[in-house]
K.L.:
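Sharing a structure, written as structure tokens. Questions coming.
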Amino acid sequence: VTRIQLVDLCGARCGDKGDISDLSLFADDQLAYDAIRATVTADRVKDHFGRLVKGDVTRYEAPNVLALKFVMQDALGGGGPRSLRSDNLGKTHAAALLRMWVDVPDDVAAGARRRRAPISRP
Amino acid sequence: VSVRIGGGQGFYGDGASPSLAVLEAGVDYIVCEALAELTLAILQKDRMRDESLGYTRDLPLYLQLALPFVMEGKTKYITNAGGINPIAAGRVAVQLARAFGATGLKVATVVGDDVRPHAKELGLPDDALFANAYLGAKPIVDALEAGADVVVTGRVADASLFVAPLVHEFGWAWDDWDRLAAGVAVGHLLECSGQVAGGNYSGPWWEGFDPMRIAFPLAEVESDGSAVITKPDKTGGMVTFDTVREQLLYEVHDPSRYLNPDVTADFTSLTLTDLGNDRVRVSGTRGTPAPQTYKGLVCTPAGWASECRVVYTWPDAEAKARAALGFVKTRAEAMERPIEEWCEEYFGVNGFGGPTVDVAEDSQPPEVIGRLAWRAADEKTAAAVGREMGVLGLSGPPGISSIGRGGGGGKPTQLLAVDPFPVPRSLVDAQVRIDVETVE
């Protein structure tokens, strides 16, 4: 196995409903999907977010688009118009999920193709 | 024959020129989705100041772009910009149409999502500031059947705004779950404007990043509900398998049971096919019967908040910021009336990521912004904390700075809690009505 950070393997999108933060994690091929399905469990995600997420985390699968979904309860400090957090809508939660390190089969890590944006400084 | 629907707006405050590009590309319907949960809270604050407000005030901005197309009979305009005051929004639409000389144009207003009259039987709190049910597509279909060119609604479910013209055009039955679910998929993909066309894309977003030509999407929908999601030619952004699947799952919770007032849609049943050239086909969506109840949203007051921010630089930027915020907190806690909740964030360290960030023991960022936010029961107490900041200027850790003009403490704002609740369908259906006004 190889240890890899999800940012190099997956895409992610987040949204909110009330005090729920709703994350989607996307693999780029079937092998990578099988790997994240095996390793990115609801428990791991709950643990990863620690004090940011006070409620349960439920995982759903969408194999047709090679995606996992994580629905995190009590995760936004009370919900958009009630929360004291800067990120009252959890708009940064997808990126925060991509910080997670996971162990995946070597060929999955070798096939990882997510890139980072170039920076142009004046 | 396919029906072309454009996503003309994704929220209150969205861009306008991408909406025009969609109109120019040619659409039978343009749908302007203006309401998020947070938007309703903003509109409630407007309405508390002025009873005639409570709708999204950029309605005229979008409508004036569309009216020339509507007047030529090329397109029809559907929006939920009515927010919590659809009657006022309908009036604004009629006035604008009259100013355009759109004699004979029919403007329909859908009323009846406000369930406050039933507060008691719904068990809603006495201090509810608004309480609305998410309506489905039916009243909009009725408005279109009545010949409406412009339809203004309050809280109609986002995707249902798009389902309505498809039901109207194709004559889908209200228990044709697969087709209704296909319509919900199309609506869900278009409702967040640029977000299906490269906006917020977590892949190589920089490759289609063209701020002056950013695109809103449109769909070409077939009578079986299958559709191609695309965007106007010669625009920025991108529509690919990747951008479409990110929007497909956005905020849907269980993707096999996406709840909508018209149908329960199974987004795990559909197939996305990237046809190239910014065209992605959506097909095979399956649906099951709609939920037994409508979703309602109730808003209640939740105290007062304010915040302050301080900036410190290397060396010991984080230590200084923590000490400064601790200083303010300690002094505030000695106040007579209590602070009910605190929120401390350190930008440049882990202000957003919290425990997901692996912060090194000896981390020494070049600068750190400390943010302290608080909640109190009343406005006066919330305001008092900000004044404890002042003494930091000359008597706190060395080198305090601010983050630009007005970057310190602010006026307290009222917090609002917005909570979901179930609403019996019969209760809402009995009070929904459609007012159709012909522009003179």
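Just so we're on the same page: letters track the sequence lines, and every chain starts at 1.
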K.L.:
More than 12 heavy atoms of other residues, nucleotides or ligands under 6.0 Å from CZ of R114(A): is that the case?
P.N.:
yes
K.L.:
Answer with side chain, backbone, both or neither: which region of E345(B) has an atom nearer than 4.5 Å to a non-hydrogen atom of chain A?
P.N.:
side chain
K.L.:
Can you tell which part of R99(A) gets under 4.5 Å to a heavy atom of chain B, answering side chain, backbone, both or neither?
P.N.:
side chain
K.L.:
Is W205(B) in contact with chain A via its backbone, its side chain, both, or neither, using a 4.5 Å heavy-atom distance?
P.N.:
side chain
K.L.:
Can you name the nearest heavy-atom pair linking P81(A) to A41(B), along with the distance?
P.N.:
CB-CB, 3.7 Å
K.L.:
Name the region of K45(B), side chain, backbone, both or neither, that has any atom closer than 4.5 Å to a heavy atom of chain A.
P.N.:
neither
K.L.:
Got more than 12 heavy atoms from elsewhere within 6.0 Å of CG, D358(B)?
P.N.:
no
K.L.:
Kindly compute the distance separating CZ (R371(B)) from CZ (R85(A)), expressed to the nearest 0.5 Å.
P.N.:
11.0 Å
K.L.:
Given that the side chain runs from C-beta out, which part of S86(A) has a heavy atom under 4.5 Å from chain B: side chain, backbone, both or neither?
P.N.:
both
K.L.:
Tell me, for F267(B) versus chain A, whether the close heavy atoms (under 4.5 Å) come from the side chain, the backbone, both or neither.
P.N.:
backbone
K.L.:
Side chain, backbone, both or neither: which part of I20(A) has a non-hydrogen atom closer than 4.5 Å to chain B?
P.N.:
side chain
K.L.:
Identify which part of D242(B) has an atom lying under 4.5 Å from any heavy atom of chain A, answering side chain, backbone, both or neither.
P.N.:
side chain
K.L.:
So what's closer than 4.5 Å to chain A heavy atoms on V252(B): side chain, backbone, both or neither?
P.N.:
both
K.L.:
Run the salt bridge (charged side-chain N to carboxylate O under 4.0 Å, His left out) test on D28(A) and R245(B) for me, step by step, so that the C-alpha distance in whole Å, both residues' side-chain angles and the decisive distance to 0.1 Å come before the verdict.
P.N.:
CA-CA 11 Å; D28(A) 289 329; R245(B) 66 176 175 157; 3.3 Å; yes
K.L.:
Is R59(A) in contact with chain B via its backbone, its side chain, both, or neither, using a 4.5 Å heavy-atom distance?
P.N.:
neither
K.L.:
Kindly say whether D16(A) contributes a backbone atom to a donor-acceptor pair with the side chain of E251(B) at under 3.5 angstrom?
P.N.:
yes
K.L.:
With a 4.5 angstrom heavy-atom cut-off, could you sort out which part of C10(A) is near chain B: side chain, backbone, both or neither?
P.N.:
neither
K.L.:
Are side-chain heavy atoms of L248(B) and V65(A) found at a separation under 4.5 Å?
P.N.:
yes
K.L.:
Checking heavy atoms, do the side chain of L272(B), its backbone, both or neither come under 4.5 Å from chain A?
P.N.:
side chain
K.L.:
Around atom CZ of R37(A), are there more than 12 heavy atoms from other residues, nucleotides or ligands closer than 6.0 Å?
P.N.:
no
K.L.:
Look only at the side chain of S202(B) and the backbone of G11(A), and say whether a donor-acceptor pair between them is shorter than 3.5 Å.
P.N.:
no
K.L.:
Going by heavy atoms in the side chains, are Y250(B) and S24(A) under 4.5 Å from each other?
P.N.:
no
K.L.:
So does R13(A) get a backbone contact from the side chain of E246(B), meaning a donor-acceptor N/O pair under 3.5 Å?
P.N.:
no
K.L.:
Pick one of side chain, backbone, both or neither for E207(B), based on which atoms fall under 4.5 Å of a heavy atom in chain A.
P.N.:
side chain
K.L.:
Using modelled atom types only, decide if a donor and an acceptor are shared between the side chain of D22(A) and the backbone of H253(B) within a distance under 3.5 Å.
P.N.:
yes
K.L.:
To the nearest 0.5 Å, tell me how far L249(B) CG sits from K69(A) NZ.
P.N.:
5.0 Å
K.L.:
Check whether N64(A) reaches the backbone of L270(B) with its side chain - one donor and one acceptor, N or O, closer than 3.5 Å.
P.N.:
yes
K.L.:
Counting only non-hydrogen atoms closer than 4.5 Å, does L89(A) touch chain B with its backbone (N, CA, C, O), its side chain (CB onward), both, or neither?
P.N.:
side chain
